[in-house]
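Here is the naming used below: chain letters follow the sequence lines, and residue numbers restart at 1 for every chain.
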Amino acid sequence: MTTTEKTDRLDEKAPPGTGIAQVGERAARRKERLVAWAFLAPFMIAFLMFVVWPMLHGAWLSFTDQSLAGSGGNFVGLDNYAEAFTDSTMWGAIRNTVWFTIISTVPLVLFAMVMALLVNTGLPGQWLWRLSFFMPFLLASTVISQIWAWIFNPEIGAANAVLSAVGLEPLAWLQTPHLDLISITIATVWWTVGFNFLLYLAALQNIPESQYEAAAVDGAGRWRQLWSITIPQLLPVTGVIFILQILASLKLFDQAYQMLGGISSDTSRPIVQYIFEAGFVGYRFGYAASISYVFFALIVVVGVIQMGILNRRKGQR
Amino acid sequence: MTTTAALPQIGSVKRSYKPGEGPFTPARILAFIALAVMALVWLLPFVWAVATSLKTETDAASGRLTLIGSEGISFAAFDTVLSEGNVYIWAWNSFWTSAVITFLTVAISALAAYAFSRMQFRGRATVFFAVIASIIVPPQVLIIPLYYQMLAFNMVDTYWGLILPQVVMAPIVFILKKFFDAVPIELEDAARVDGAGRLRVFWSVVLPLSKPILGAVSIFVFIQAWNNFLWPFIIINDTLLMTLPVGLQTVISAYGVAYAQVMAQAVLAALPLIVVFLFFQRQIVQGVATTGFGGK
């Protein structure tokens with residue numbers, strides 16, 4: 001994964017036209033430009049229509065009192081933002097989202113790494129391990145929500161059956177404040193860990209075998225090899241996985257909404273759900289747009305901090 | 001393209017034992033046990049779901065952790081779910097809209113990526129940067145204005161409203177550009193000297209060389225589209241236009257506590273992708289490893 005960085009930059013001096021004869025160079029370049037824009041056009045039109053324009057329009061909406069059905073739409077200045085900043089429901093939703101991000105990211109990175117290290121030992125049954133860990137990731141949120149809502153069912157769910165089998169008190173997993181978000185985290189870890197697992201597995205298999213051989217010749221045992229070769233080599237991909245995971249966890253919505261049956265409580269409502277509720281339940285598009293921009297700001301801040309950390313670490317090496 | 005070139009082994013990994021390591025050392029046995037326990041924990045929810053879907057409702061509601069209900073294996077739950085009729089329509093909707101999204105996404109991304117990779121035009125770096133920077137925009141931020149836009153276009157509750165906003169995937173452009181960057185330019189030059197135009201070169205030289213990456217990316221886009229929930233949930237209200245995830249969500253409350261039926265439905269919805277996975281394991285693994293984007 002580290003090898004890709006060198007090719008990221010656009011090389012302005014790339015000589016794509018070197019094969020063409022130099023006759024009529026200006027005309028050729030003009031044609032080249034036209035052809036380039038023709039290749040770009042389908043994507044750029046869609047990009048402008050479905051990304052750039054909605055972003056600008058969303059920013060505008062956030063300063064209006066637009067409702068769902070087209071009424072309102074008057075410019076209200078910073079009123080929405082002022083309201084958002086004193087809206088305890090929004091802050092609660094941000095708190096829930098950040099808390100979920102913290103408690104989900106750590107196991108999602110750790111489990112993935114352990115799984116990949118174990119699978120990479122070359123033990124028999126490779127396809128079965130990959131299938132077990134990765135398959136949940138293929139399922140739609142609807143499916144995993146149904147399975148886990150049933151597992152966490154207080155009366156007939158498997159989770160409580162397991163608890164009572166080992167002599168513990170049953171829990172109301174999804175009905176207890178604070179515990180509900182932890183239950184959602186458990187389901188999420190099960191659902192998405194396979195993605196990180198594959199990224200780790202790919203990184204592990206890119207470590208040259210020769211490094212291990214050299215270490216073995218020098219008398220390094222398995223643990224020594226793990227600590228001195230494998231773990232350091234996994235650091236760059238761990239950085240990438242952390243960034244992707246945190247950004248993904250901040251977007252929590254589907255599984256929370258569905259596992260809790262669309263009923264939001266102040267200890268479990270994620271920020272995306274609050275955007276949805278403000279817009280499509282409360283019919284306040286303008287206000288929902290302003291909350292989504294607060295959320296966007298949160299993502300940008302987190303992203304910038306992460307980039308800073310990652311770059312500093314790179315600079316040190 | 002070192003990353004993609006190194007990846008295909010993953011699908012068929014058979015790492016030889018490292019030097020000085022026998023197949024039955026205590027450490028390996030411990031590792032095997034740890035792996036087996038984790039795999040079991042990850043598989044159990046599936047096993048329970050399938051087992052429950054094959055019970056009668058009475059058995060399913062008993063909450064006992066048996067694999068087979070007291071009345072043996074029953075397909076009653078599947079019969080009920082399938083006889084509702086809509087499941088087939090939703091599965092078909094999911095399938096063809098995901099296929100169209102995949103085709104459009106890969107087609108327009110490949111053309112753009114090729115231009116970014118190989119062609120000279122003013123503003124190239126800036127435009128490319130803008131596209132890549134858009135990766136950080138959470139789709140949720142766009143939902144409100146996109147819905148508004150779809151209202152204006154009269155596309156709420158239509159397939160186009162469902163499909164079009166899903167075809168812009170900046171990470172795909174990024175991945176394909178990196179792949180095209182690594183294709184040796186000499187191959188194209190030869191064709192161009194022979195008088196082939198850009199489109200011709202792209203179609204008959206570059207695309208055939210890119211089959212592996214196009215396959216990996218396509219499967220990945222397809223899975224994403226198939227499983228997408230939030231946008232289809234918002235844009236589609238008509239029961240007959242719904243995709244499988246959205247359709248199933250609407251009938252859960254209708255089933256109430258009929259857990260065998262809910263699980264039968266979950267199993268039905270999971271089956272197509274599990275079959276796809278078994279067939280395309282290598283490409284999927286490679287696709288995820290190469291793309292590294294699209295975490296949920």
Measure up the [X] and [Y] rings against each other and bin them: parallel (under 30°), tilted (30 to 60°), perpendicular (over 60°).
X	Y	value
B/Tyr147	A/Phe285	perpendicular
B/Phe229	A/Tyr257	tilted
B/Phe32	A/Trp129	perpendicular

Contact origin within [X] toward chain A - heavy atom pairs under 4.5 Å:
X	answer
B/Pro139	side chain
B/Val173	side chain
B/Thr52	side chain
B/Val127	side chain
B/Ala113	neither
B/Leu164	both
B/Leu199	both

Quick check: closest heavy atoms across [X] and [Y], and the distance to 0.1 Å?
X	Y	result
A/Met44	B/Val131	SD-CG2, 4.2 Å
A/Ile147	B/Met263	CA-CE, 3.7 Å
A/Ala288	B/Ile144	CB-CD1, 3.7 Å
B/Ala115	A/Leu40	CB-CG, 3.8 Å
B/Ala34	A/Leu118	CB-CD1, 4.0 Å
B/Val167	A/Ala46	CG2-CB, 4.3 Å

Is the closest side-chain heavy-atom distance between [X] and [Y] below 4.5 Å?
X	Y	value
A/Phe43	B/Met169	no
B/Leu230	A/Val272	yes
B/Leu35	A/Val119	yes
A/Val114	B/Met38	yes
B/Trp42	A/Met115	yes
A/Ile275	B/Ile143	no

Assert yes or no for the condition that the ring centre distance of [X] to [Y] is strictly below 6.0 Å.
X	Y	result
A/Trp60	B/Tyr148	no
A/Phe253	B/Phe233	no
A/Phe134	B/Phe277	yes
B/Phe46	A/Trp190	yes

Out of curiosity, [X] [atom1] to [Y] [atom2], how far, rounded to the nearest 0.5 Å?
X	Y	atom1	atom2	value
A/Met135	B/Leu43	CE	CG	6.5 Å
B/Tyr259	A/Trp150	OH	CH2	9.5 Å
A/Phe50	B/Gln166	CZ	CD	11.0 Å
A/Gln273	B/Gln140	CD	CD	12.0 Å

- Task: Please flag which part of A/Val189 lies under 4.5 Å from any non-hydrogen atom of chain B: side chain, backbone, both or neither.
- Result: both
- Message: Is A/Val193 close to chain B through its backbone or its side chain, or both, or neither, when contacts mean heavy atoms under 4.5 Å?
- Response: side chain
- Item | Heavy-atom pair count under 4.5 Å with chain B, highest-scoring of A/His57, A/Met55, A/Gln146 | A/Gln146
Is the backbone N or O of [Y] less than 3.5 Å from a side-chain atom of [X], with the two atoms forming a donor-acceptor pair by type?
X	Y	answer
B/Asn227	A/Ser141	no
A/Arg33	B/Met119	no
B/Gln149	A/Met49	yes
A/Glu32	B/Gln120	yes

- Task: Take B/Leu278 and A/Leu131 through the test side-chain contact (heavy atoms from CB on, under 4.5 Å) and record every step on the way to the result.
- Result: CA-CA 9 Å; B/Leu278 291 176; A/Leu131 189 75; 3.8 Å; yes
- Query: Taking every heavy-atom pair that is under 4.5 Å apart, which of B/Val246, B/Leu268, B/Leu146 has the most such pairs with chain A?
  - Reply: B/Leu146
